[in-house]
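Computed over heavy atoms, backbone and side chain alike; hydrogens, waters and symmetry mates excluded.
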Amino acid sequence: MYVVFNKIDEWFEKNPNLKKRFQDTYEMIYVSAHKYAVHMEKSAREKTNKSVKIEISEQLLKQALIDAFDDILRLINYHPTKEPNPIKEMSYIVYWLIRRKPIRLVSEEIVMNTELSEMARARFLFINEEFGVKLLMNSAFIGKREKEICTHVRDKAEKQLKYYKRFLLYYLVYRMDSAKSLEAMILGCTIHPIWEVDPVIWNKLNETEDEL
């Protein structure tokens, strides 16, 4: 067993064709993480009137993305998958983000502040996992079309989705064992009563096929 700490320049030398894609992904994740940190800091001030500091390690973030890209490359090179869909890619990214934990809560006393609910404190304590929930749910629903349904059904569906996000946070904290399991969970989540089926994700769906 051995541990490899990859230097970004050396990784680019081995994978020159992925340099731009990696840099674009890094910028997207870093900007999202920064916005998330600002949101959490603002939320803490509003609810407790106390300051919270959250930092993002650029080195750990780069390492997480290197690990994710290496896994995706193995899928492309040694498995039938040649063009991973957005959910598959994000599942691998989130899996490694949670293992590397690039987002760091500096003001840890916030997790013991009883002015916040238990769930609110959990979101600070497991800040990387909560960020992972947001990335995964965005990969599932952002830009997708909503169906025309009645308000009653919509309200119930949104409530179910809220419960699902809470369960997903629990899963990322205590049960996550692979990127494959994350992908399966989020793919199932896209079959949701208020959203159209995404043709990019379900591009091989044939509605005329007989069931087994």
Report summary line: What one should report as the nearest heavy-atom pair of Leu105 and Glu108 is O-CG, 3.5 Å

Query raised in the report: For Tyr92, which of Leu65, Leu182, Leu97, Leu75 qualifies under side chain to side chain contact (heavy atoms under 4.5 Å, CB included)?
Result: Leu75

Requested in this report: Examine Lys62 relative to Tyr26 and say whether NZ or CZ is less than 6.0 Å from the centre of the six-membered ring and inside a 45° cone about the ring axis.
Outcome: yes

Requested in this report: Could you check Glu118 against Arg121 for side chain to side chain contact (heavy atoms under 4.5 Å, CB included), going step by step and ending with a plain yes or no?
Outcome: CA-CA 5 Å; Glu118 288 187 5; Arg121 283 183 279 162; 3.6 Å; yes

Requested in this report: Count the heavy atoms of every other residue, nucleotide or ligand shown that sit under 6.0 Å from CD of Glu109, and state whether that count exceeds 12.
Outcome: yes

Query raised in the report: Which pair of heavy atoms, one from Leu73 and one from Asn15, lies closest together, and at what distance?
Result: CD1-OD1, 3.3 Å

Requested in this report: Go through the steps for Lys101 and Glu129 under the test salt bridge (charged side-chain N to carboxylate O under 4.0 Å, His left out), then give the verdict.
Outcome: CA-CA 9 Å; Lys101 299 190 185 303; Glu129 289 81 359; 2.7 Å; yes

Query raised in the report: Relative to the ring of Tyr174, is the ring of Tyr170 parallel (under 30°), tilted (30 to 60°) or perpendicular (over 60°)?
Result: tilted

Requested in this report: Begin from the C-alpha positions of Ile56 and Arg104 and carry the test side chain to side chain contact (heavy atoms under 4.5 Å, CB included) through to its verdict.
Outcome: CA-CA 6 Å; Ile56 302 167; Arg104 177 171 169 262; over 6 Å; no

Report summary line: Correct closest heavy-atom pair for Leu60 and Arg100 would be CD1-O, 3.7 Å

Query raised in the report: Backbone N or O of Lys53 within a donor-acceptor pair of the Ser107 side chain at under 3.5 Å?
Result: yes

Query raised in the report: Would you call the rings of Tyr30 and His34 parallel, tilted or perpendicular, where under 30° means parallel and over 60° means perpendicular?
Result: parallel

**Report entry** Check ion pair Glu130-Arg166 (N to O, under 4.0 angstrom)
**Finding:** no

Report task. Identify whether Ile110 and Met112 are in the same connected component of the hydrophobic contact network (ILVMFWY, side-chain heavy atoms under 4.5 Å). Result -> yes

Query raised in the report: side chain to side chain contact (heavy atoms under 4.5 Å, CB included) between Glu41 and Arg45: does it pass, once the steps are laid out?
Result: CA-CA 6 Å; Glu41 291 171 346; Arg45 285 195 301 272; 4.0 Å; yes

Query raised in the report: Is Met119 reachable from Phe124 through a run of hydrophobic residues whose side-chain heavy atoms are each under 4.5 Å from the next?
Result: yes

Report summary line: The reported gap from CE in Met90 to CD in Glu183 (rounded to nearest 0.5 angstrom) is 12.5 Å

Report task. Please determine, by modelled atom types, if Tyr171 and Ser181 share a side-chain donor-acceptor pair under 3.5 angstrom. Result -> yes

Report task. Could you tell me whether the side chain of Met176 reaches within less than 4.5 Å of the side chain of Ile98, counting heavy atoms only? Result -> yes

Query raised in the report: Val38, Ile127: one ILVMFWY side-chain cluster at the under-4.5 Å cut-off?
Result: no

**Report entry** Closest heavy-atom pair and its distance - Ile87, Ala140
**Finding:** CD1-CA, 4.1 Å

Requested in this report: State plainly whether the residues Asp24 and Lys20 are in salt-bridge range, i.e. N to O under 4.0 Å.
Outcome: yes

Query raised in the report: Okay, side chain of Thr48, backbone of Ala44: is any donor-acceptor separation there less than 3.5 Å?
Result: yes

Query raised in the report: For the residue pair Phe22 and Phe12, does the interplanar ring angle fall in the parallel (under 30°), tilted (30 to 60°) or perpendicular (over 60°) class?
Result: perpendicular

Query raised in the report: Rounded to the nearest 0.5 Å, how far apart are OH of Tyr36 and CG of Asn128?
Result: 8.0 Å

Report summary line: Closest non-hydrogen atoms of Ile186 and Ser139, given as atom of the first, atom of the second and distance, are CG2-OG, 4.2 Å

Report task. Output, in order, the C-alpha distance, side-chain angles, deciding distance and verdict of side chain to side chain contact (heavy atoms under 4.5 Å, CB included) for Ile54 and Ile103. Result -> CA-CA 7 Å; Ile54 298 171; Ile103 304 176; 3.6 Å; yes

**Report entry** Atom CG of Asn49 with >12 non-hydrogen neighbours under 6.0 angstrom
**Finding:** no

